[in-house]
Amino acid sequence: MPKRENETFFNLVFEVVKLIPEGRVTTYGAIARYLGAAKSSRMVGWAMNVSHFLEEKIPAHRVVNRNGLLTGKAHFGTSNQMQKLLENEGLRFQEDQILDFEKFFWDPNKELVL
DNA sequence: AATGTGACATACC
DNA sequence: TGGTATGCCACAT
């Protein structure tokens, strides 16, 4: 339903999210910062929300909040869907939180070169 | 057209 | 240490 025709913040978000390597995760803030809108981290979350309606496959499960907490798990099919996907990529959890989060953290600002 | 809301992050009591 | 307030932008109503 969303018409992602225009190249907007959203599209950019998707671009970045799709670049997240398997077994890695990043945060809303990191993405927002990478896009030059550090204070628009909320929009990243919105983008993820909309991503479910998109035809493109957005690994939204690889995007978590700054605490490495699966805040968006509720938006996946089941509560454990998101965690399951990540576990399948080799991550471990404890109370919906990623263990060694920093270790798996993929910062577009670092990994990608502007 | 205006207002409210949201998968966050930061700053400030 | 922890709650409240604010920024930010797209989307739904």
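Just so we're clear, the structure is a prediction, and the values are computed from it rather than from any experiment. Here is how names work: the chains are called A, B, and so on, in the same order as the sequence lines, proteins then strands, and each is numbered from 1.
- As judged by a 4.0 angstrom heavy-atom cut-off over every strand, A:Asn49 is placed among the base-contacting residues.
- If you take atom P in B:dG4 and the same atom in C:dA5, they sit 16 Å apart, rounded to whole Å.
- A:Asn80 places no side-chain N or O within donor-acceptor distance of the main-chain N or O of A:Lys84, the cut-off being under 3.5 Å.
- Residue A:Ala32 is out of contact with every strand shown, counting any heavy-atom pair closer than 4.0 Å.
- The side chain of A:Lys39 has C:dC8 as its nearest neighbour among B:dA7, C:dC11, C:dC8.
- Ring-plane geometry between A:Phe105 and A:Phe101 is classed as tilted, the angle between the planes lying from 30 to 60 degrees on a 0 to 90 degree scale.
- In this structure, A:Thr71 and A:Tyr28 approach most closely via the heavy-atom pair OG1-OH, 3.7 Å.
- Atom P of B:dA1 sits at a distance of 22 Å from the matching atom of C:dC8, rounded to the whole Å.
- Regarding A:Ile98, its CD1 atom lies at a distance of 13 Å from the C1' atom of B:dA7, rounded to whole Å.
- Rounded to a whole Å, the OH atom of A:Tyr34 is 23 Å from the P atom of B:dC8.
- In this model, no side-chain donor or acceptor of A:Ser40 finds a partner on the base of C:dC8 within 3.5 Å.
- When the nucleotides C:dC8, C:dA10, B:dC8 are ranked by their closest atom to the side chain of A:Phe9, C:dA10 comes out on top.
- Rounding to whole angstrom units, OH of residue A:Tyr28 and C1' of C:dG7 are separated by 18 Å.
- Atom-to-atom, CZ of A:Arg42 to C1' of C:dC11 comes out at 13 Å; the value is rounded to the nearest Å.
- Here the P atom of nucleotide B:dA9 and the CG atom of A:Asp107 are 13 Å apart, to the nearest Å.
- For A:Leu12 and C:dA10, the CG to C1' distance is 13 Å, given to the nearest whole Å.
- At whole-Å resolution of the value, CZ in A:Phe53 and C1' in B:dA7 are 13 Å apart.
- Heavy atoms of A:Arg66 sit under 4.0 angstrom from primed sugar atoms or phosphate atoms, though from no base atom.
- Rounding to whole angstrom units, CZ of residue A:Arg62 and P of B:dA7 are separated by 22 Å.
- Counting atom types as modelled, A:His61 pairs no side-chain N or O with a base atom of B:dA7 as donor and acceptor under 3.5 Å.
- Of the two residues contacting DNA chain B, namely A:Met43 and A:Thr27, the nearest-nucleotide position lying further toward the 5' end is that of A:Met43.
- Considering only the side chain of A:Asn65, B:dA9 comes nearest among B:dA9, C:dG7, B:dA7.
- Residue A:Phe104 holds its CZ atom at 13.0 Å from CZ of A:Arg62, rounded to the nearest 0.5 Å.
- The heavy-atom pair separating A:Glu95 from A:Leu69 by the smallest distance is O-CD1, 3.8 Å.
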